[in-house]
Amino acid sequence: MLYDNLAVNEAGHLTIGGVDTVYLAEKYGTPLYVLDEDKIRENCRLYVSAMKEHFGSDSLPLFAGKALCFKGMYRVLEQEGLCADVVSPGELYTALAAGFPAERLFFHGNNKTDEDIRYGVDSKIGWFIVDNLNELESLNHYAGEKGIRQKVLLRVTPGIDPHTLEAINTGRIDCQFGSPIETGQAATFVEQALSKENIEIWGFHSHIGSQIFEAEPFCDAVDILLKFAQEMRSRFGFTAQIFNLGGGFGVRYVESDPHVDIPANIRALAEHLKHGCAELSYPQPRVYMEPGRSIVANAGITLYTAGGVKNIEGYRSYVTVDGGMTDNPRYALYGANYTVLMANRMKETATDAYTVAGRCCESGDLIQENVSLPEPRRGDLIAVLTTGAYNFAMSSNYNRICRPAVVMVCAGNDYLTVRRQTFEDLVACDL
Ligand SMILES: *Cc1c(COP(=O)(O)O)cnc(C)c1O
C-alpha cells in the first residue's frame, strides 16, 4: 500500500485509518472525500518536532491553507500548535470563523487588494508576507490608519529551479510572485520597507516550488537567502531574524514516487543553515516552513461509484465515475499522477487497463489514464489515493455539480466535517 494508513480487510475492502471505505460510501454517499485525522496530526507532529529540534524552539511550520481549507482543518492545526498561511480574504475568514488565533496567521498572496489589506489589519492578523512595493505602500497606509506597526516578512525570489513541474515552480526569477534578488529589486524592497514607519520587517520568505523530494534545493535557497541577508546587513544595518523557506516537500502519488524522510531532510537543512551562518558570522535566524501537500495529501482519498465501462473497440476502455474534474481537476490541469484502486474488490486481480473518466462535459475530464483494475461493474467503489491536498481546495461547481462531503476518520470512528452541497446551495447566490 502507498501509505501505512491504508489496508485491506477480510471482506476485501479498502480501509483508511481502520475504517471500511464501503461502509463510508454507503453511509455518506459518493463522491466522497475521506480524510484521516490521525494521519494529518502525525504529519503535523513530524514537522513541529523536527523543526523545533533542529532549527530551535521558536521555529515552526505554517500550514499552507490553500492545500486544504475548511473550518475543521483549522481546529486540528490549532491543537497541533501550527501557524497557518492564508492567501485570500476567504481563507482568512475561514480560519477566523474556526476560531484560529489571528496572531498565528500569515497573509500571503501576490495581489492583496486594499480591501484585503484592511481586512487583515482590522482582523489583527499576526503577519503579512508582503509580495511587492505596491502592497507595501498600501499596508503602510492602513497600518498607520489603525495606529499599529505591522510585522512583515518580505517575499523574495531566489531564482532556483527545483526541477519540478513548470506549473508549480515559483522560485525562478521570471514569475509573478515576490521580488527577485538577482535583479536588485529585492534590495530596493528591503530599503523601502525599512523606510516605512508603520512596517516592522522581521525577515524574508522564499518558496521555490512543490513536489521537492530532497533537501538540496532548499539548501540552495538558504545559501542565496543568507548571502542576500548578509548584504542587507552591511548595506542597511538590518538583520533578518526569520527565514521562511516556503513549502514543497513531495508526497507519493504512485509507487514509483520516492519516499521523503521529512525529519531527516529538516536535519540536513538545519545543518546546512548552521554551517552557512557560522561561515558568514551571521546570527542564526529562526526558520519557518510552509508545508501544505505533505501535511494533508496522504491523509486523503476520494471515493467514487462506477457508472460503467465503455470499450472503444480498437482504442481503449473507459470506466466512468460519479465525480471528476469538479472534485479533482489536477489530471486535467497538469497531468498529475494518481493511484486508483477498486475499493470493494481489493483481492481481485486486474484484468485490463482503464481510463477513469468523470461526468463533466469535457473530453479532458479524466482522473487518470491507464490504470489496472479488475473489470469494473456499475456500482463498484473506485478509490483515488493521496487526494487530501489540492482536491477539495480546487473543487468547482462546473456543470452545476455539487461539491462532495468531507468525512474525517479518527481512532477508528468517522464524522462529517464538511457537508455535501445541495441543489439549494447551487442557487443560493442566484437572484
Ligand atoms: C503552494 C505554496 C506552499 C505549499 O506548497 P506545498 O507543495 O503544498 O507544500 C507554501 N508556500 C507558498 C508560498 C506556496 O505558494
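Because the structure is predicted, anything quoted here is derived from the model rather than measured. Read the numbers this way: they start at 1 and go in the same order the structure lists the ligands and their atoms. The figures that follow rest on heavy atoms only: side chains count, while hydrogens, waters and symmetry mates do not.
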Quick check: does Gly209 get an N/O under 3.5 Å from an N/O on ligand 1?
no
Once you restrict to heavy atoms under 4.0 Å, what part of His207 touches ligand 1? Side chain, backbone, both or neither.
side chain
Below 3.5 angstrom, do we get any N/O pair linking Gln211 and ligand 1?
no
Is the shortest heavy-atom distance from the side chain of Glu200 to the side chain of Val152 under 4.5 Å?
no
Would you say the side chains of Asp20 and Thr15 form a donor-acceptor pair under 3.5 Å?
no
Suppose I only count heavy atoms of His205 and a 4.0 Å limit; which atoms of ligand 1 are within that range?
13 (C)
Report, in ascending order of atom number, the atoms of ligand 1 lying under 4.0 Å from any heavy atom of Arg155.
13 (C)
If you take the nearest heavy atom of each of Lys66, Met289, Glu290, which one is closest to atom 2 (C) of ligand 1?
Lys66
Show the atoms of ligand 1 that are less than 4.0 angstrom away from any heavy atom in Ala64.
3 (C), 4 (C), 10 (C)
Would you say that Thr305 contacts Ile382 through its side chain, given a criterion of any heavy-atom pair below 4.5 Å between the two side chains?
no
Can you tell me how far SG of Cys83 sits from CD of Glu78, rounded to the nearest 0.5 angstrom?
10.5 Å
Tyr390 N/O to ligand 1 N/O under 3.5 Å
yes
Is the closest heavy atom of Gly248 to ligand 1 under 4.0 Å?
yes
Do the side chains of Lys227 and Glu231 get close enough for a salt bridge, i.e. N-O under 4.0 angstrom?
no
Assert yes or no for the condition that the ring centre distance of Phe204 to Phe228 is strictly below 6.0 Å.
yes
Hey, is Pro291 touching ligand 1 through its side chain, its backbone, both or neither, going by heavy atoms under 4.0 Å?
backbone
Arg149 with Glu197: basic N within carboxylate O range, under 4.0 Å:
no
May I ask you to check if ligand 1 and Gly246 share an N or O to N or O distance below 3.5 Å?
no
Polar contacts were defined as any N/O atom of the residue lying under 3.5 Å from an N/O atom of the ligand; does this apply to Ser210 and ligand 1?
yes
Quick one: do Lys39 and Glu42 make a salt bridge, cutoff under 4.0 Å?
yes
Less than 4.5 Å apart, side chain to side chain, heavy atoms only: is that true for Val190 and Leu194?
yes
For His108, the ligand 1 atoms whose distance to one of its heavy atoms is below 4.0 Å:
13 (C)
